[in-house]
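Source: prediction; values computed, not measured. Positions are given from 1, in the same order as the sequence printed here.
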Amino acid sequence: MAMSPRNFARLFRGDTGETPGRFTERVQAEAARCTLEQADLPIETVAKECGFVSVERMRRTFHRLFNISPHDYRARIRSTLLN
């Protein structure tokens with residue numbers, strides 16, 4: 001890209017309104033949320049496939065972004081689909 005990481009982060013934030021790290025984390029969380037809705041994979045597998053370094057990181061991200069744990073989110077979606 002022929003620019004420093006600091007300059008890239010500044011330009012990225014200016015264009016998107018969020019840092020590259022927050023953007024990546026949000027995209028990973030959205031992918032995990034969709035996977036939890038559509039597949040019956042273990043939470044550990046979902047975390048790994050969506051790029052989280054650990055299940056704990058995914059859980060913390062879910063709590064921060066969606067105010068719910070991945071396990072509870074899956075349970076809520078399943079109960080909604082069954083009703």
Side-chain angles (χ1 to χ4, degrees):
M1 296 185 113
M3 69 175 75
S4 70
R6 180 177 178 210
N7 191 44
F8 171 78
R10 185 181 59 78
L11 293 174
F12 189 93
R13 185 173 186 151
D15 286 348
T16 66
E18 58 190 345
T19 67
R22 289 289 183 198
F23 175 83
T24 301
E25 190 176 60
R26 183 177 54 79
V27 170
Q28 288 171 324
E30 289 293 337
R33 191 170 74 167
C34 289
T35 303
L36 290 170
E37 292 172 3
Q38 298 171 5
D40 197 27
L41 298 170
I43 301 290
E44 294 80 9
T45 303
V46 173
K48 185 176 182 178
E49 287 187 2
C50 293
F52 287 97
V53 296
S54 68
V55 174
E56 179 63 20
R57 179 65 64 112
M58 185 172 90
R59 187 188 68 76
R60 288 180 185 180
T61 300
F62 253 71
H63 272 289
R64 188 169 38 76
L65 297 178
F66 308 127
N67 294 318
I68 192 168
S69 73
H71 181 269
D72 291 345
Y73 180 80
R74 176 179 270 169
R76 185 176 293 172
I77 289 299
R78 286 183 180 169
S79 70
T80 301
L81 294 175
L82 294 176
N83 292 330

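Residues Phe62 and Ala29 approach most closely at CE1-O, 4.0 Å, considering heavy atoms. Residues Arg74 and Ala39 come closest through the heavy atom pair NH2-O, 3.1 Å.
For the side chain to side chain contact (heavy atoms under 4.5 Å, CB included) test, residues two or more places apart in sequence or in another chain that qualify with Asn7 are Met3, Ser4, Arg10, Leu11. Not a single side chain to side chain donor-acceptor pair (under 3.5 Å) links Asp15 to another residue, sequence neighbours left out. For Ser69, the side chain to side chain donor-acceptor pair (under 3.5 Å) test picks out Asp72, with sequence neighbours left out. The side chain to side chain contact (heavy atoms under 4.5 Å, CB included) test applied to Thr16 returns Phe12, Glu18, not counting sequence neighbours.
Under a cut-off of 6.0 angstrom, the local environment of NE2 in His71 is sparse, with at most 12 non-hydrogen atoms contributed by other residues, nucleotides or ligands.
Residue Gln28 holds its CD atom at 10.5 Å from CZ of Phe23, rounded to the nearest 0.5 Å.
Applying the salt bridge (charged side-chain N to carboxylate O under 4.0 Å, His left out) test to pairs two or more places apart or on separate chains, those with a residue in residues 54-69 are Glu25-Arg64, Glu56-Arg59, Glu56-Arg60. Here side-chain hydrogen bond (donor to acceptor under 3.5 Å, both in side chains) pairs that include residues 29-38, with residues two or more places apart or in two chains, are Glu30-Arg33, Glu37-Tyr73.
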What pairs of donor and acceptor atoms, side-chain ones from residues 43-53 against any protein atom, are under 3.5 angstrom apart with sequence neighbours left out?
none

